[in-house]
There are 2 protein chains.
Amino acid sequence: MYSISEVAAKVNIKPHTIRFYEKEGIIEPLRDENGVREFDDALIKWLMFIKKLRETQMPITDLKKYALLFKEGDHTARERLMLLENHQKKIQHQIETLKATDEMLDGKIAAYKKHVLNKSHR
Amino acid sequence: MYSISEVAAKVNIKPHTIRFYEKEGIIEPLRDENGVREFDDALIKWLMFIKKLRETQMPITDLKKYALLFKEGDHTARERLMLLENHQKKIQHQIETLKATDEMLDGKIAAYKKHVLNKSHR
DNA sequence: GTAACTGTTAAAGTTCACTTTAAGGCAAGC
DNA sequence: GCTTGCCTTAAAGTGAACTTTAACAGTTAC
């Protein structure tokens, strides 16, 4: 079992943000007899998953939806699947966008380098 | 020469946003004798470039910086180069992040599919 | 026993990139 | 002559995802 700050360090999400996620219904940590949050390995995995989804721009609302569906049980698996597939499509589209701009920048940068190099010879 | 709404259609940026970019000093369209904005091909290219940079999350402040440097003239080429290289690095990093999550999702999705398929047989 | 960490609620603030509204006025095409 | 599209300034609003503040209190480690 880990404390909120241990988890924060482990997954690189601030304690504040972790509490915020809880308020949003995205996580539901256990509590000890004093009401202090306790995080087990499953929850840490879930937080790492959240991290990856957020890094790839999944909106908080979708995260909420996913967490809610999970809590509702097994029969929501198909819906959760669709949510993930949907997000994957967005990711793949964004990869293409980024690649295209990356390549365009290759050209631009090459031109600039040539130009700057010329100048430095005078 | 193109009007603002023609340009808006061409580059898929709303007239409002184009005016906003002008206010921010990112573009500087010509004006006709009535003060109506006129866009030439060079400006349209610049707007398309802006579009690509925004789609890849370059902040408006960097766009401003770039436009300002450009206006300052040739001697700022090195600085503009650095700006673009910097942005390219971010793009490449983001591509890696997206790819990693894409692959993780492949695994998750496969597991869900197996699960959902099982259920549908009962 | 005191500093460090934990907790609470509720609200306000921040940043970013627009987007919208208001309220008016000029100019061109049918 | 009226609709459509263009112009202006200035300000307010939006949505997303935190982040911060306030103000207080309990618990644990050294």
Side-chain angles (χ1 to χ4, degrees), chain A residues 1-40 43-44 47 49-68 83 86-87 90 94 97 101, chain B residues 1-40 43-44 46-68 87 90 94 97 101:
Chain A
M1 289 298 190
Y2 305 95
S3 74
I4 197 165
S5 61
E6 282 168 338
V7 175
K10 221 180 254 287
V11 301
N12 201 26
I13 302 178
K14 289 181 188 162
H16 255 115
T17 307
I18 294 174
R19 291 190 197 105
F20 168 72
Y21 285 162
E22 184 181 5
K23 210 182 63 189
E24 295 295 308
I26 294 167
I27 57 169
E28 222 170 322
L30 300 170
R31 304 291 185 124
D32 73 4
E33 70 280 6
N34 298 314
V36 175
R37 290 173 185 81
E38 289 186 320
F39 298 77
D40 60 14
L43 193 41
I44 288 182
L47 277 168
F49 186 51
I50 288 170
K51 189 96 199 289
K52 282 197 166 292
L53 295 176
R54 288 292 309 123
E55 277 171 1
T56 55
Q57 287 73 58
M58 180 182 276
I60 292 280
T61 52
D62 283 7
L63 237 27
K64 268 190 209 177
K65 235 175 270 172
Y66 188 89
L68 184 61
L83 225 157
N86 207 310
H87 184 57
K90 282 182 198 157
Q94 183 62 2
T97 300
T101 301
Chain B
M1 286 299 190
Y2 306 95
S3 74
I4 196 164
S5 61
E6 284 169 337
V7 175
K10 220 180 256 286
V11 302
N12 200 26
I13 302 177
K14 289 182 189 160
H16 254 116
T17 308
I18 294 174
R19 291 189 198 105
F20 167 73
Y21 285 164
E22 184 181 7
K23 209 183 64 189
E24 294 295 309
I26 294 167
I27 58 168
E28 221 170 321
L30 300 170
R31 302 294 184 123
D32 74 4
E33 69 281 4
N34 298 313
V36 175
R37 289 173 185 83
E38 289 187 320
F39 298 76
D40 61 12
L43 193 41
I44 288 181
W46 174 216
L47 276 167
M48 286 171 160
F49 185 52
I50 287 170
K51 188 99 199 287
K52 281 198 165 293
L53 294 175
R54 288 292 308 123
E55 277 172 359
T56 56
Q57 287 74 57
M58 181 183 275
I60 293 280
T61 51
D62 283 7
L63 237 28
K64 268 190 211 178
K65 235 176 268 171
Y66 188 89
L68 184 61
H87 184 56
K90 281 180 197 158
Q94 183 62 2
T97 300
T101 301

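Numbered from 1 within each chain, the chains take letters A, B, ... in sequence-line order. Worth knowing before you read on, the calculation uses all heavy atoms, side chains too, and leaves out hydrogens, waters and symmetry mates.
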Item to check | Greater than 12 external heavy atoms within 6.0 Å of B/Glu24's CD | outcome: yes
Next on the checklist: Whole angstroms only, please: what is the CG-P distance between A/Asp32 and D/dG26?
Outcome noted: 16 Å
Item to check | d(CG, A/Asn12; P, D/dC18) in whole Å | outcome: 12 Å
Next on the checklist: For B/Glu55, is the CD atom crowded, meaning more than 12 foreign heavy atoms sit under 6.0 Å from it?
Outcome noted: yes
Checklist entry - Just how far is it from atom CE of A/Met58 to atom CG of A/Asn86, taken to the nearest 0.5 Å? => result 8.0 Å
Checklist entry - From D/dG5, D/dC18, D/dC7, pick the nucleotide closest to the side chain of B/Ile4? => result D/dC7
Checklist entry - Over how many whole Å does the gap from A/Ile18 atom CD1 to D/dA17 atom P extend? => result 17 Å
Next on the checklist: To the closest 0.5 Å, what do you measure between OG (B/Ser3) and CZ (B/Arg37)?
Outcome noted: 11.5 Å
Next on the checklist: If you take any heavy atom closer than 4.0 Å to DNA chain C, which residues from residues 50-65 of chain A end up in contact?
Outcome noted: none
Checklist entry - So where does chain A start and stop touching DNA chain C, 5' to 3', when the test is distance under 4.0 Å to a non-hydrogen atom? => result C/dC5 to C/dT8
Checklist outcome for this item: Result for 5'-nearest mapping on DNA chain C, choosing between A/Lys23 and A/Gly35, is A/Gly35
Checklist entry - Does D/dT27 have OP1 or OP2 sitting under 4.0 Å from an N or O in the side chain of A/Asn34? => result yes
Next on the checklist: Need to verify one output field. Residue with the more 5' nearest nucleotide on DNA chain D, A/Glu33 or A/His16?
Outcome noted: A/His16
Checklist entry - Between B/Arg31 and B/Glu22, what is the shortest heavy-atom contact and its length? => result NH2-OE2, 3.0 Å
Item to check | Between B/Tyr66 and B/Trp46, ring centroids under 6.0 Å | outcome: yes
Checklist entry - From A/Asp62 CG over to A/Leu53 CG, what is the distance, rounded to the nearest 0.5 angstrom? => result 9.5 Å
Checklist entry - Only one of A/Leu30, A/Val11, A/Leu47 forms a side chain to side chain contact (heavy atoms under 4.5 Å, CB included) with A/Phe39, so which one is it? => result A/Leu47
Checklist entry - Is the shortest heavy-atom distance from the side chain of B/Ile27 to the side chain of B/Ile50 under 4.5 Å? => result yes
Next on the checklist: Rounded to whole Å, how long is the line connecting atom CZ of B/Arg37 with atom P of D/dG5?
Outcome noted: 16 Å
